[in-house]
Amino acid sequence: MKRLKVMTVFGTRPEAIKMAPLALELSSRPELEAVCCVTAQHREMLDSVLDIFGLKPDYDLNVMEPRQTLSTIAAKCLNGMDGVLEQARPDLVLVHGDTSTTFAGALAAFYHKIPVGHVEAGLRTYDKWSPYPEEINRKLVGAIADLHFCPTVANRDNLARENITKGVFLTGNTVIDALQTTIVKDFAFRSDILNDLDYVNRQVILITCHRRENYGQPMVNIMTALRRVADAFPEAELVYPVHLSPVVQEAAHKYLDNHPRIHLTSPLDVREMHNLMARCHLVMTDSGGLQEEAPALGKPVLVLRKETERPEAVAAGTVRLAGVEEEVIFQMASRLLSDRAEYDKMAHAANPYGDGHACRRIADAIIWHFGRRETPPEEFGNIPL
């Protein structure tokens, strides 16, 4: 019997971290012919993840350009996918999450009448402007997709409220799978600063801040609060791998330069980020992925956003919404740095996002959906579907 051809499509570093282990899982299945297409919406940061996982794309659209807009990204991805899909003719296209690549990849597959699978489906804030443009991207992909791979029950419930109940699978999040291959005990960073930090006796805080909805005054508020934290807590060491966006670079250097305990570094590759997270004391971030990764490592997370599409971690107690107001961010960070009981309550809460077997479940679901497997896949939590 002819193998099913399954194409993974992704273009940013966060997508790559979560899709690379899935692409490798698909490649290991005799029932499947796995092909990979990258758009390179993020070029340099994407390539580092591909190298780490040993993944070589079959197709590379290389769409990135200086100061690219959302429109140019989507248009170039959509146009580029035309030729790829004509040549490859996959049986299924898998997209991930909520980027411009995600939406364009799903739309291109729809135009070619190719079924679409959505990995990390069902996340919602119900505010189309936050996160922007991600909330609309994932809702539009949800309307296109035939298969929906939901990390959590809450994600599945979100889809049910939109009358999406067919082809829905509860899998856990593939990022937990990725962590199992990236974290090592005696890891050596490329940066002497990171190698020399005292992770045992100092309160190392990992910072990320890059979302478009935080551009402008919210980012100023966040940066000001971070500097106050560094000033107020002599044991704190802030490590901020600064995103390559010119807007983010300008803000970070304007407000955080020239402080002895604030370390602005180049972007870290996935192994460095995961190993830094495993060693740090606290995470402060506006990233989506870190909200899932840090709880798996027992690290409290303060989310530098007004809302989150990952409420499971808030409910579990591993994540707290700090918002984008300077005083609130400072006070919430201060509490975790000064109150050990409060810190331990977050650090020891259960991770709701996965057990490291999401990729296996997704591959099983695809094979079962196409009639190449008799038994249905199991849900995250080992509950049969």
Side-chain angles (χ1 to χ4, degrees), residues 1-11 15-38 49-50 53-60 81 84-97 101-102 105-106 108-110 112-122 141-142 144-151 155-156 159 164-178 180-181 354-385:
M1 186 179 294
K2 181 185 175 185
R3 291 187 296 168
L4 294 166
K5 183 179 282 190
V6 180
M7 175 180 284
T8 51
V9 178
F10 52 93
E15 289 174 292
I17 293 170
K18 295 181 177 184
M19 286 290 265
L22 177 57
L24 296 175
E25 175 69 24
L26 297 174
S27 297
S28 74
R29 299 300 185 99
E31 304 93 336
L32 305 177
E33 178 185 354
V35 292
C36 176
C37 174
V38 298
V49 179
L50 296 175
F53 282 92
L55 190 62
K56 185 174 182 179
D58 300 282
Y59 303 92
D60 189 335
M81 287 300 300
V84 169
L85 295 175
E86 284 286 352
Q87 181 178 344
R89 298 187 179 278
D91 298 295
L92 177 70
V93 168
L94 292 178
V95 296
H96 181 280
T101 286
T102 308
F110 169 71
H112 287 262
K113 296 186 176 180
I114 298 170
V116 172
H118 189 195
V119 181
E120 199 176 90
V141 174
I144 293 171
D146 304 272
L147 301 177
H148 310 262
F149 303 110
C150 298
N155 303 149
R156 184 174 63 182
L159 293 182
I164 299 173
T165 56
K166 294 182 179 179
V168 178
F169 301 90
L170 182 60
T171 62
N173 198 298
T174 60
V175 76
I176 309 303
D177 301 35
Q180 296 182 342
T181 63
D355 57 3
H357 298 290
C359 294
R360 172 176 59 81
R361 294 189 182 95
I362 292 170
D364 287 346
I366 291 168
I367 294 168
W368 180 72
H369 174 79
F370 282 95
R372 307 293 178 90
R373 169 189 166 106
E374 292 185 2
T375 57
E378 66 177 19
E379 287 188 323
F380 172 40
N382 297 317
I383 303 169
L385 286 170

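Everything numeric here is computed off the predicted structure, so don't read it as measured data.
In this structure, Phe10 and Leu50 have side chains that are in contact, with non-hydrogen atoms separated by less than 4.5 Å. For the pair Lys5 and Val35, the minimum side-chain heavy-atom distance is below 4.5 Å. With contacts defined as side-chain heavy-atom distances shorter than 4.5 Å, the pair Cys150/Val168 qualifies.
For His96 (side chain) and Ala16 (main-chain N/O), no donor-acceptor pair under 3.5 Å exists by modelled atom type. Between the Lys18 side chain and the Asn173 main chain, no donor and acceptor come within less than 3.5 Å of each other. Remark: the backbone N or O of Trp368 is not paired with any side-chain donor or acceptor of Arg373 at under 3.5 angstrom.
To the nearest 0.5 Å, atoms CD1 (Ile114) and CG (Leu92) are separated by 9.5 Å. In this structure, CZ in Phe380 is found 9.0 Å from OG1 in Thr171, a value given to the nearest 0.5 Å. How far CG of Asp364 is from OG1 of Thr375: 7.5 Å, rounded to the nearest 0.5 Å. Once rounded to the nearest 0.5 Å, the distance linking CZ of Arg361 with CD1 of Ile366 reads 14.5 Å. Here the CG atom belonging to Leu85 is positioned 13.5 Å from the CZ atom belonging to Phe110, to the nearest 0.5 angstrom. In this structure, Gln180 CD and Asp355 CG are separated by 8.0 Å, a value rounded to the nearest 0.5 Å.
Look at Lys166 and Asp146 and you find no salt bridge, because none of the NZ, NE, NH1 or NH2 atoms lies under 4.0 Å from a carboxylate O. A salt bridge is defined here as a Lys NZ or Arg NE, NH1 or NH2 lying under 4.0 Å from an Asp or Glu carboxylate O, and Arg360 with Glu25 fails to meet this definition. Between Arg89 and Glu86 there is a salt bridge, since at least one side-chain N of the basic residue sits less than 4.0 Å from a carboxylate O of the acidic one. Contact check on Lys2 versus Glu31 returns no salt bridge, with no Lys/Arg side-chain nitrogen under 4.0 Å from an Asp/Glu carboxylate oxygen.
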His148 vs Ile164, side chain to side chain contact (heavy atoms under 4.5 Å, CB included): CA-CA, chis, key distance, verdict: CA-CA 9 Å; His148 310 262; Ile164 299 173; 3.3 Å; yes
Candidate pair Glu379 and Arg156, rule side chain to side chain contact (heavy atoms under 4.5 Å, CB included), full reasoning: CA-CA 12 Å; Glu379 287 188 323; Arg156 184 174 63 182; 2.3 Å; yes
Stepwise side chain to side chain contact (heavy atoms under 4.5 Å, CB included) test for Leu32 and Arg3: CA-CA 5 Å; Leu32 305 177; Arg3 291 187 296 168; 5.9 Å; no
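With sequence neighbours excluded, no residue forms a side chain to side chain donor-acceptor pair (under 3.5 Å) with Asp177.
Of all non-hydrogen atoms in Met81 and Cys37, the two that sit nearest each other are SD-SG, 3.7 Å. Residue Pro21 comes nearest to Phe53 through the heavy atom pair CD-CE2, 4.1 Å, listed as atom of the first residue, atom of the second, then distance. Here the shortest heavy-atom pairing between Cys36 and Leu55 reads SG-CD2, 4.3 Å. In plain terms, the two heavy atoms of Ala23 and Thr8 that are nearest each other are CB-OG1, 4.1 Å. Minimum interatomic distance between Met7 and Pro90 (heavy atoms only, all atoms of both residues): CB-CB, 4.0 Å. Residue Leu22 comes nearest to Val119 through the heavy atom pair CD2-CG2, 3.8 Å, listed as atom of the first residue, atom of the second, then distance.
Thr174 and Glu120 share no donor-acceptor pair across their side chains, judged by distance under 3.5 Å alone.
Of the candidates Val38, Val93, Thr102, Val116, Val9 forms a side-chain contact (heavy atoms from CB on, under 4.5 Å) with just one, namely Val93. Residue Leu26 forms a side-chain contact (heavy atoms from CB on, under 4.5 Å) with just one option from Leu94, Ile362, Leu4, and that option is Leu94.
Between Phe169 and Phe149, the angle of the ring planes stays under 30°, which puts this pair in the parallel group of the 30/60° scheme.
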